[in-house]
There are 2 protein chains.
Amino acid sequence: MAGRSTRDNAVRKPSSASAATPEATALWSPVNSRVRDRERKRDAVIQTAARAFRARGYHNTSLDDIAAELNVTKPTVYHYVQNKEQLLFECFRAGLRQIMEAFDEVGSTKLSARERLGIVMARYAEAITSDFGWCMVQAENQDLSPAMSRKVKSLKSEIDQGLRGLIREGARDGSLRKFDEKMAAFAIAGALNWIAHWYRSDEALTAAEIAERFIELFSIGLERKA
Amino acid sequence: MAGRSTRDNAVRKPSSASAATPEATALWSPVNSRVRDRERKRDAVIQTAARAFRARGYHNTSLDDIAAELNVTKPTVYHYVQNKEQLLFECFRAGLRQIMEAFDEVGSTKLSARERLGIVMARYAEAITSDFGWCMVQAENQDLSPAMSRKVKSLKSEIDQGLRGLIREGARDGSLRKFDEKMAAFAIAGALNWIAHWYRSDEALTAAEIAERFIELFSIGLERKA
DNA sequence: CGCTAAATATACTCACCAGTATAGTCTATA
DNA sequence: TATAGACTATACTGGTGAGTATATTTAGCG
């Protein structure tokens with residue numbers, strides 16, 4: 001659908017742009033517009049799968065369902081992904097990427113660990129409320145082959161280590177008090193991941209507002225100051 | 001297995017206990033020992049299902065699997081539960097019960113809301129680390145028929161309301177500061193529920209120890225006191 | 001002992017669905 | 001305009017697993 005309409009006007013640029021460097025020419029050559037098109041379609045497949053998985057669950061969504069939502073048939077879906085499992089994995093990875101980006105961005109700043117943790121939590125919440133976020137949380141190991149499961153676990157562990165790292169740094173730079181990193185990271189990740197279970201798009205609060213409250217809660221706690 | 005061995009010695013008590021009241025006699029009559037036996041077996045089915053679901057996931061566990069683990073065949077399982085969905089629901093309910101009991105116990109004490117919240121959280125953590133706890137967390141709506149889904153939702157909502165209630169009371173009795181109840185309840189429930197995703201029985205910390213740390217975290221937070 | 005009901009098993013049905021073999025169609029390009 | 005290959009569809013296979021029809025055994029009970 002989106003692919004069909006974008007393809008036509010992208011096709012014949014190269015003939016007029018042959019003065020550019022070979023690399024640039026290659027970028028806009030028809031064959032590469034096809035490649036980009038393919039990627040765009042692939043993304044659409046993954047996005048549609050994510051929405052379907054979130055709506056009905058992974059096991060209750062057949063590839064025929066997904067194909068139907070894309071107005072194509074099953075073999076077309078298989079033309080873009082190897083199998084259903086990989087589809088879930090791609091959804092998982094898309095959600096993960098958003099969170100990893102937050103760590104990357106924040107890693108190159110001079111902010112205190114506490115401030116960085118807050119930023120990561122906000123981006124985390126944003127990611128979790130997306131269709132991909134749902135897949136990230138739900139992509140439980142039992143749905144995946146051992147090989148995929150290992151991959152997922154190691155990627156999830158990166159997030160966990162990122163959180164623990166920030167908490168540890170907070171103890172060093174004095175912005176956070178000393179506390180069992182592992183438990184703190186699990187508590188924060190749990191609270192954030194759980195958003196995927198209750199959040200609906202008609203929710204009164206946005207992801208940013210939810211994150212704001214969570215940050216306050218994990219910062220100063222619930223106990224009344226004596 | 002368990003059913004087979006317990007049946008034999010439970011069967012012929014009534015003959016020697018016929019001096020008791022009719023009610024007591026009835027309690028120990030063969031027909032009632034059968035009833036109790038049936039319930040015990042049913043519990044065994046549910047317990048086994050919970051363990052299997054936790055180990056391999058709901059959709060990757062067939063009723064043949066469960067039957068095999070009980071050394072019986074599928075129709076026997078169907079003799080104790082109506083269908084697979086109900087099996088999951090019973091597991092869910094077993095986990096839920098433990099948490100509801102915590103609320104009940106704590107409701108009749110004179111403790112501060114903060115103290116009561118701590119006790120509930122500890123029992124909650126305990127429940128979540130059990131096989132039933134896993135089912136409770138995972139029994140997502142997409143696995144259940146609309147009718148069951150509604151039931152599950154309303155039961156889950158009771159827990160949520162219980163948590164919110166304690167937080168609200170804390171603001172009244174001065175043991176907790178004022179804070180968005182809904183978000184606080186979601187954060188706490190999320191952190192606790194998430195335990196089911198990472199906890200393994202060989203975990204260094206017990207459920208009680210995890211709860212202890214979570215309680216501290218949610219009480220005073222991570223921020224270093226200025 | 002013989003009847004009744006509970007408990008369990010054998011041996012199916014039926015639907016669903018992941019994945020594929022095969023054959024068309026369209027498009028860029030030589 | 002002929003060809004290669006990218007894309008998509010039709011129509012299948014094969015396996016799995018929920019649920020059941022039916023028979024058989026076991027245990028209580030008059």
Side-chain angles (χ1 to χ4, degrees), chain A residues 1 3-4 6-15 18 25-26 28-42 44-45 49 52 56-68 70-88 143-145, chain B residues 1 3-4 6-15 18 25-26 28-42 44-45 49 52 56-68 70-88 143-145:
Chain A
M1 217 196 298
R4 199 168 304 254
T6 50
R7 178 161 36 190
D8 299 347
N9 33 10
V11 162
R12 51 194 136 276
K13 271 186 188 170
S15 47
S18 46
T25 307
W28 291 103
S29 74
V31 62
N32 275 293
S33 91
R34 260 219 201 172
V35 167
R36 282 200 320 283
D37 224 48
R38 183 187 167 83
E39 262 160 32
R40 212 177 282 130
K41 287 189 191 173
R42 191 185 139 96
V45 170
R56 297 188 296 279
Y58 176 72
H59 287 284
N60 294 319
T61 304
S62 72
L63 289 184
D64 283 318
D65 291 342
I66 294 169
L70 288 161
N71 290 315
V72 295
T73 55
K74 195 162 46 173
T76 302
V77 173
Y78 275 95
H79 192 253
Y80 293 99
V81 295
Q82 284 161 40
N83 51 40
K84 191 181 180 183
E85 185 186 49
Q86 205 211 348
L87 205 42
L88 179 60
D143 294 335
L144 301 172
S145 68
Chain B
M1 212 200 300
R4 200 170 302 256
T6 50
R7 176 164 40 192
D8 300 346
N9 33 9
V11 162
R12 52 193 135 277
K13 273 187 187 169
S15 48
S18 48
T25 307
W28 292 102
S29 75
V31 63
N32 274 294
S33 90
R34 259 219 200 172
V35 168
R36 283 199 320 283
D37 225 47
R38 182 185 168 83
E39 263 160 32
R40 211 176 285 130
K41 288 188 191 174
R42 190 184 139 95
V45 170
R56 296 187 296 280
Y58 177 71
H59 287 284
N60 294 317
T61 305
S62 72
L63 288 184
D64 282 318
D65 291 343
I66 294 169
L70 288 160
N71 290 316
V72 295
T73 56
K74 194 163 46 174
T76 302
V77 173
Y78 275 94
H79 192 252
Y80 293 99
V81 294
Q82 284 161 40
N83 50 40
K84 191 181 180 184
E85 184 185 50
Q86 205 210 348
L87 205 42
L88 178 60
D143 295 333
L144 302 171
S145 68

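By convention in this document, chain letters (A, B, ...) are assigned in the order of the sequence lines, proteins followed by strands, and residues within each chain are numbered from 1. Quantities reported herein were computed from a predicted structural model and do not represent experimental measurements. Only heavy atoms go into these numbers, but all of them, side chains included; no hydrogens, no water, no symmetry mates.
Straight-line distance from the CD1 atom of B:Ile66 to the C1' atom of D:dG17: 12 Å, rounded to whole Å. Rounded to whole Å, the distance from NE2 on A:His79 to C1' on D:dT8 is 8 Å. Counting to the nearest Å, the P atom of D:dC7 and the CD atom of A:Glu39 are 11 Å from each other. Rounded to whole Å, atom P of C:dA7 lies 8 Å from atom CG of B:Asp37.
The two atoms that bring B:Asn60 and A:His59 nearest to each other are OD1-CE1, 4.1 Å, heavy atoms only.
In this structure, B:His79 and B:Val72 have side chains that are not in contact, with every pair of non-hydrogen atoms separated by 4.5 Å or more. The side-chain heavy atoms of B:Leu87 and B:Leu63, taken from C-beta on, include a pair separated by under 4.5 Å.
In this structure, B:Thr76 OG1 and B:Ile66 CD1 are separated by 13.0 Å, a value rounded to the nearest 0.5 Å.
Taking 4.0 angstrom as the limit, B:Arg38 places a side-chain polar atom (N or O) nearer than this to OP1 or OP2 of C:dA7. Contact annotation: A:Thr73 side-chain N/O to D:dA9 OP1/OP2 distance is under 4.0 Å. A:Lys41 has a side-chain polar atom (N or O) that falls below the 4.0 Å cut-off from OP1 or OP2 of D:dT8.
A donor-acceptor pair under 3.5 Å links the side-chain atoms of A:Lys84 to the main chain of A:Thr61, judged by distance alone.
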Yes or no on side chain to side chain contact (heavy atoms under 4.5 Å, CB included) for B:Tyr80 and B:Gln86, after CA distance, side-chain angles and deciding distance?
CA-CA 10 Å; B:Tyr80 293 99; B:Gln86 205 210 348; over 6 Å; no
Check: protein-nucleotides 16-19 of chain C nitrogen or oxygen pairs below 3.5 Å:
from	atom 1	to	atom 2	distance (Å)
C:dA18	OP1	A:Lys84	NZ	3.0
C:dA18	OP2	A:Leu63	N	2.9
C:dA18	N7	A:Lys74	NZ	2.9
C:dG19	OP2	A:Tyr78	OH	2.9
C:dG19	OP2	A:Lys84	N	3.0
C:dG19	O5'	A:Tyr78	OH	3.4
C:dG19	N7	A:Lys74	NZ	2.9
C:dG19	O6	A:Lys74	NZ	2.8

